[in-house]
Peer 1: 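Quick one: this structure, given as structure tokens, is what I'll be asking you about.
Numbered from 1 within each chain, the chains take letters A, B, ... in sequence-line order. The structure displayed is predicted, hence computed values, not measured ones.
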Amino acid sequence: MHPAFSVIFLTTLIGVGQGMFLALFTGQSYSAVELLPMQDSHNFYGNGAIIALLFLIGGLIASFFHLGRPERAWRAASQWRTSWLSREVIVLPILMFFVFVYGVMHYFDLDATLFTADTGAQLELSLVIATFGMIATFALFICTGMIYACLKFLQEWASPLTVINYTLFGTASGFMLATAFANHSAPELMRFYGIWTTIITLAALATRVASLIRNSRLKAKSTLQTALGVRHNRIQQKSMGFMGGSVNTRDFFHHASLVVFKSIKWIFLVLVFPLPLLLLWIGMNDSNTNMLLAAFVVQYVGLIAERWFFFAQANHPQNLYYQTV
Amino acid sequence: MTQLALVIDLNVCVGCHACVTSCKEWNTSGSAGFMTDENPYGKDPTGTFFNRVQTYEVGEFPSTETLHFPKSCLHCEDPPCVPVCPTGASYKRKEDGIVLVDYDKCIGCRYCSWACPYGVREIDETQKVMKKCTLCVDRIYDESLPESERKPACVLACPTNARLFGDVHDSESEVSVTIREEGGYQLMPEWGTKPANHYLPRRKTRMHIHEDELQRADNPLKKEQRGPSAPVSEPTLDDSTSW
């Protein structure tokens, strides 16, 4: 498939936003049961939610560049019964709404205590909102992943690993950003986020390598024989019926050379996993916000490469019909 | 239930592209607006087509065969492109099984073209909406046309009659009988899309001549070992008798 940058930015940016929000939710729920010190509502949770929301908005804006007719985008919410894309279109604004409400509650100190346990642990209204947001976050990860995983003849995508990878990559990059942000606004939480970032990034490494292995062993179900219905081992296309390009030749091929294609795989494997983890480790030891931000930026750039490779690797069966001019 | 479809006879198709041009001509003049054609006479021409004819070589020289392969929307009975559409612009008509795009609802997200394994949906890069074969839905029901012309433009244009049009759910229709009796098949059956369009395979007509067909084993002349007698000089019975 042709890697469209609108979709690459959409999926990576909302992934960061979702992960960042999950990090805030995780931090606040640990604090609610007094496993972590409670943070300043305005500075940490309020500003953190704004950052998460900005990433979600960035992703939403990127998605409009993918549409031919963005003015009709509202119609995309109508087919939620059958279309994962439609479900994503519904869940993304719902998540943005919860993140917005959560951010406003913290930023303007509008939080209310709903319940106080004997131990002194408090259930805040914002945590209830965040729980809904957390559900929406995971629903959005599932929707985004399923958009690709539900296309059964794109065999590289049609696997639960697609959904798992989207979830883990989004969460890892969001936690990475949360680590840098915590080092700046809530230093007591930096180590907590840093360790979780490491765990999630390593989990993502395991599942992404699993999907790379799976994809390298795939056997294409469709062949030129089934595409044409001709039973002969040697069939060669002599003409695709036109000499200029068409949507079929532009949208379904990555048009990169084999060297570029293969090197992007190694580039993302380095930029997403070992390099940011190294920077994260250095940044955690020095409590260096810039180093932690660098870890996030490196991983984000790596994720763009990862998404590029994700698209480029998928081999659409229609390509069988477009082998030669 | 009705399921309109095309049956394309690969044994007859000569790859002349008449179906491609007449399809483009009819559909670019239709109520849905033109079909993009950029730089038609310049460098890198590109445009939207509902129908393409491709050419393949089957076998290895010298025993090769040329296969001309027209490809348009197959109007699947279980179309994977329809459920993925987020706006409901892509739909399959209940009354005749034609898969259509509502150009006023399409947001041009291209997801349906990803979901079609056959690559027959092409986005119109000027109008920014997805386009595909309509089976000439604006023609086949047009009562201002004589009944013989209420067929898709490609079917009418085909000079070798390689394209048949009809209801594949009516088991006695011309297309159903042809599919049944001439070995009609579907493309990429492995995905369970149940394409309505069928293809008829290349067929070879071979003569099988046996030895005894060249030389009759029961030839009576050979049996009796005697040829007819030589002509005689005196009058025969035929000469003297008035029958």
Peer 1: Please give me the minimum heavy-atom distance between B:Leu6 and B:Asn197, naming the atom from each residue.
Peer 2: N-OD1, 2.9 Å
Peer 1: What option among A:Thr223, A:Leu228, A:Leu85 has the most heavy-atom pairs under 4.5 Å with chain B?
Peer 2: A:Leu228
Peer 1: Which atoms of B:Thr66 come close to chain A, meaning under 4.5 Å heavy atom to heavy atom: side chain ones, backbone ones, both, or neither?
Peer 2: neither
Peer 1: So which part of A:Leu320 gets closer than 4.5 Å to some heavy atom of chain B, the side chain, the backbone, both or neither?
Peer 2: both
Peer 1: Taking every non-hydrogen pair under 4.5 Å, which of B:Asn39, B:Val120, B:Asp104 racks up the most with chain A?
Peer 2: B:Asp104
Peer 1: Is chain A contacted by the side chain of B:Lys71, its backbone, both, or neither, given a heavy-atom distance below 4.5 Å?
Peer 2: side chain
Peer 1: Determine yes or no for a side-chain-to-main-chain donor-acceptor pair under 3.5 angstrom, with B:Thr28 supplying the side chain and B:Phe34 the backbone.
Peer 2: no
Peer 1: When heavy-atom pairs shorter than 4.5 Å are enumerated against chain A, which of B:Gly59, B:Pro86, B:Gly108 gives the highest number?
Peer 2: B:Pro86
Peer 1: Counting heavy-atom pairs closer than 4.5 Å to chain B, which one of A:Gly244, A:Ser239, A:Ser246 comes out on top?
Peer 2: A:Ser239
Peer 1: We want to know whether B:Tyr118 and B:Thr193 form a side-chain donor-acceptor pair, criterion being a heavy-atom distance below 3.5 angstrom.
Peer 2: yes
Peer 1: Taking side chain as everything from C-beta outward and backbone as N, CA, C, O, which of these in A:Ala227 sits under 4.5 Å from a heavy atom of chain B? Side chain, backbone, both or neither.
Peer 2: both
Peer 1: Please find the pair of heavy atoms, one from B:Gly88 and one from A:Ser78, that lie closest to each other, and give the distance.
Peer 2: N-OG, 4.3 Å
Peer 1: Against chain B, label A:Ile147 side chain, backbone, both or neither, depending on which of its atoms sit under 4.5 Å from a heavy atom there.
Peer 2: both
Peer 1: Among B:Glu65, B:Gln127, B:Lys43, single out the residue with the greatest number of heavy-atom pairs under 4.5 Å to chain A.
Peer 2: B:Gln127
Peer 1: Select one option (side chain, backbone, both, neither) describing which atoms of A:His66 are under 4.5 Å from chain B's heavy atoms.
Peer 2: both
Peer 1: Using atom types as modelled and distance alone, determine if a side-chain donor or acceptor of A:Ser173 lies under 3.5 Å from a backbone N or O of A:Gly170.
Peer 2: yes
Peer 1: Report yes or no: does A:Arg307 contribute a side-chain atom to a donor-acceptor pair with the main-chain N or O of A:Val7 at less than 3.5 Å?
Peer 2: no
Peer 1: A:Leu151 versus chain B, heavy atoms under 4.5 Å apart: side chain, backbone, both or neither?
Peer 2: side chain
Peer 1: Could you tell me which of B:Asp44, B:Leu10, B:Ile123, B:Val82 has the largest number of non-hydrogen atom pairs under 4.5 Å with chain A?
Peer 2: B:Ile123
Peer 1: Look at A:Gln318, A:Arg75, A:Arg81, A:Gln225 and state which one has the largest set of heavy-atom pairs under 4.5 Å with chain B.
Peer 2: A:Arg75
Peer 1: Who among A:Glu71, A:Gln323, A:His316 has the most heavy-atom pairs with chain B under 4.5 Å?
Peer 2: A:His316
Peer 1: Looking at every non-hydrogen atom in both residues, tell me the closest pair between B:Ser113 and B:Arg121 and how far apart they are.
Peer 2: CB-O, 3.9 Å
Peer 1: Establish, from distance only, whether the side-chain atoms of B:His198 and B:Glu182 form a donor-acceptor pair under 3.5 Å.
Peer 2: no
Peer 1: Is A:Met1 in contact with chain B via its backbone, its side chain, both, or neither, using a 4.5 Å heavy-atom distance?
Peer 2: side chain
Peer 1: What part of B:Glu125 is in contact with chain A, defined as an atom under 4.5 angstrom from a non-hydrogen atom: side chain, backbone, both or neither?
Peer 2: side chain
Peer 1: Top residue by heavy-atom pair count (under 4.5 Å) with chain A, among B:Cys106, B:Gly15, B:Pro201?
Peer 2: B:Cys106
Peer 1: Only pairs of heavy atoms separated by less than 4.5 Å count here; which of A:Ser6, A:Ser222, A:Gly245 has the most with chain B?
Peer 2: A:Ser222
Peer 1: Are the side chain of B:Asp124 and the backbone of B:Lys131 linked by a donor-acceptor contact shorter than 3.5 Å?
Peer 2: no
Peer 1: Which bit of B:Val53 comes within less than 4.5 Å of chain A, counting heavy atoms only: side chain, backbone, both or neither?
Peer 2: backbone
Peer 1: Mind checking the CZ-NE2 spacing from B:Phe49 to B:His17? Nearest 0.5 Å is all I need.
Peer 2: 10.0 Å
Peer 1: Which atom names give the shortest non-hydrogen contact between B:Val101 and B:Met130, and what distance separates them?
Peer 2: CG1-O, 3.5 Å
Peer 1: Testing the basics here: between A:Ser83 and B:Cys85, what is the closest heavy-atom pair and its distance to 0.1 Å?
Peer 2: CB-O, 3.6 Å
Peer 1: When the ring planes of A:Tyr148 and A:Tyr166 are compared, do they come out parallel, tilted or perpendicular, using 30° and 60° as the limits?
Peer 2: parallel
Peer 1: Which atoms of A:Asp251 come close to chain B, meaning under 4.5 Å heavy atom to heavy atom: side chain ones, backbone ones, both, or neither?
Peer 2: side chain
Peer 1: Can you say whether A:Ala314 sits under 4.5 Å from chain B via the side chain, the backbone, both, or neither, judging by heavy atoms?
Peer 2: neither
Peer 1: When you compare the side chains of B:Asp96 and B:Thr2, does any donor N or O come within less than 3.5 Å of an acceptor on the partner?
Peer 2: no
Peer 1: Heavy atoms only, distances under 4.5 angstrom: which of B:Tyr185, B:Tyr199, B:Trp114 has the most pairs with chain A? Name it, please.
Peer 2: B:Trp114
